[in-house]
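Just so you know, these numbers use all the heavy atoms, side chains as well, and skip hydrogens, waters and symmetry mates.
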2 protein chains.
Amino acid sequence: MSDLLWNRQPPPSRGPKPALTLDGIASAGIVIADAEGLDAVSMQRVAADLNFTKMALYRYVPGKAELVAVMSDQAMGAPPDQPKKPWREALETWANDLYRGFERHPWLLLSTVGRRLIGPNELTWTDRGLQATAGTGLNGGEQLDAIVVITGHVRTIAQQSLTMPGGTVGVTAEQITKTLIDAVTSDPDRFPGLAAALPTLGENQNEGFNFGLQRILDGLEVLVARRAKR
Amino acid sequence: MSDLLWNRQPPPSRGPKPALTLDGIASAGIVIADAEGLDAVSMQRVAADLNFTKMALYRYVPGKAELVAVMSDQAMGAPPDQPKKPWREALETWANDLYRGFERHPWLLLSTVGRRLIGPNELTWTDRGLQATAGTGLNGGEQLDAIVVITGHVRTIAQQSLTMPGGTVGVTAEQITKTLIDAVTSDPDRFPGLAAALPTLGENQNEGFNFGLQRILDGLEVLVARRAKR
DNA sequence: AGTTAACTGCGTCCACTGGACACAATAACG
DNA sequence: CGTTATTGTGTCCAGTGGACGCAGTTAACT
């Protein structure tokens, strides 16, 4: 199962030397996904880029799902080293590092949905997050929950602002706001909340990432302070 | 473009009566997705369930992507009516309603990633959210950002806890925690944050949803109070 | 050295996918 | 009535993930 992600089982001694490596295959897949989107990654395509037939890949990977899993963990990489800081700053830079990861490989947003096996790199990210929250005085479960909220926020903003090649066909942010404005102006009674908010809607442009992050951190601070008091 | 989601253009007068409706097709797709996951939804399958050929569907829908979009907006439905409450409680119930939506149709988590066109139901959800935040005194952009944070959190938790049929093959929560524990116990120096948090990890079981939500709301409250003061 | 057993990469095959296109049947209009 | 728009269908195509068996390569064992 997760052997592929964690172990690299000892190379066999008997037969001919393997011409490929799991890492090499995954790297080829990542190149394709970065350039043309996750949908462009097919066994055939990856194999062709390596000058092999697709069936050769199945000697290294049980199936496409597993290949994508390996690609994902590899593309995620290890979080960059950061000097030790107070928890709030540490979480802030952690969130920024994570966002930059999704920026580099937007398809990670697609390949890492739902419950899946955790690879070493992903676990390292979690670990760094927990190192950051260690100074809060919260218990382990709460620390993990805090990491989860922040991760969710980073993912959400990344999904909204990043254009992924190939994925759902190009929908510009302008198109979206246009349909929004069209809808509310043509039938304001149907969308009273939007109608009320519309005049002051543009005042917070592109600050969604920081807005949400600061709210979450503020909320954590409230809890931390409450705990420290007693 | 979004005509499919918003307009229903007037029925043509000339040819034979259409035997199908867009809504009917979408409903059939939803049934399949609910029962067997989004991957089981193919043109062929949907058509077969309706006792038609797949090519018949293309008279109603330009392609699969658009079908999924219509399915998504229809499955989302309109948010349930709620009595007017103070903003914090209103947001709380709004988030719970949203979670329940994902619970009913877990595949929505997959079909609504990335930038896409907004349908009327999705916009109504946003509108209700803005009605809830109207009492905060924040400007429109900030209100929208607040909605976005909460939506992201709901999605994140839903992704973690819901099992979607068909999707990435069944990985139980136990398997995940097992690899986690295996990794950290076999090499604690590599994951110091996890090693430290591990003893108190189980103390917050299944409370991730509320934990995160309360933190976000606490954070919003801080901002609202700060604004009210001046 | 010779044999055996493991292992690699490849060719072939299959069911299935989304979709283009032409064609006959249908129904309302002049 | 014919004309014309619109429907559902049949056929075709390139591409997908994957099962399976076959030949060639290589190290370990006798």
task = Take the protein atom OH of A:Y60 and the nucleotide atom C1' of C:dT8, then report the distance between them rounded to whole Å.
result = 7 Å
Atom-to-atom span, CG of B:L20 to P of D:dT6 - whole angstrom = 17 Å
Atom-to-atom span, CG of B:L57 to C1' of D:dT7 - whole angstrom = 13 Å
Nucleotide N/O of nucleotides 26-30 of chain D paired with protein N/O under 3.5 Å:
from, atom 1, to, atom 2, distance (Å)
D:dT26, O2, A:R14, O, 3.1
D:dA27, O4', A:S13, O, 3.4
D:dA27, O4', A:R14, O, 3.0
D:dA27, O3', A:S13, O, 3.4
D:dA28, O4', A:R14, NE, 3.3

query = Among all residues two or more places apart in sequence or in another chain, which pass the salt bridge (charged side-chain N to carboxylate O under 4.0 Å, His left out) test with A:K178?
reply = A:D182
task = Cation-pi check, A:R100 to A:F102: give yes when NZ or CZ is under 6.0 Å from the six-membered ring centre and within 45° of the ring axis, no otherwise.
result = no
task = Keeping the roles fixed (side chain from B:N121, backbone from B:M76), state whether a donor-acceptor pair exists under 3.5 Å.
result = no
For nucleotides 15-19 of chain D, which of its nitrogen or oxygen atoms have a protein nitrogen or oxygen under 3.5 Å away, and what is each distance?
from, atom 1, to, atom 2, distance (Å)
D:dT16, OP1, A:S42, OG, 3.0
D:dT16, OP2, A:Q44, NE2, 2.5
D:dG17, OP1, A:K64, NZ, 3.2
D:dG17, OP2, A:M43, N, 3.0
D:dG17, N7, A:K54, NZ, 3.1
D:dG18, OP2, A:Y58, OH, 3.3
D:dG18, OP2, A:K64, N, 2.8
D:dG18, N7, A:K54, NZ, 3.1
D:dG18, O6, A:K54, NZ, 2.7

ask   = Under the salt bridge (charged side-chain N to carboxylate O under 4.0 Å, His left out) test, which residues partner A:D189, sequence neighbours left out?
value = none
Compile the donor-acceptor pairs under 3.5 Å between side chains in residues 104-114 of chain B and protein atoms, sequence neighbours left out, one pair per line.
from, atom 1, to, atom 2, distance (Å)
B:H105, ND1, B:D34, OD1, 2.7
B:H105, ND1, B:D34, OD2, 3.1
B:W107, NE1, B:D34, OD1, 2.6
B:S111, OG, B:S72, OG, 2.9
B:T112, OG1, B:L108, O, 2.4
B:T112, OG1, B:R155, NH1, 2.9
B:T112, OG1, B:R155, NH2, 3.3

Qualifying residues under side-chain contact (heavy atoms from CB on, under 4.5 Å), relative to A:P62, sequence neighbours excluded = A:L4, A:E66
request  = Rounded off to whole Å, could you give me the CG-to-C1' distance for the B:N51 and D:dT9 pair?
outcome  = 14 Å
request  = Would you mind reading off the distance between A:R59 atom CZ and D:dT25 atom C1', rounded to a whole angstrom?
outcome  = 13 Å
task = Taking the side chain as every heavy atom from C-beta outward, state whether B:Q175 and B:T179 have any atom pair closer than 4.5 Å.
result = no
ask   = Roughly how far, to the nearest 0.5 Å, is the CG atom of B:D49 from the CD1 atom of B:I25?
value = 12.0 Å
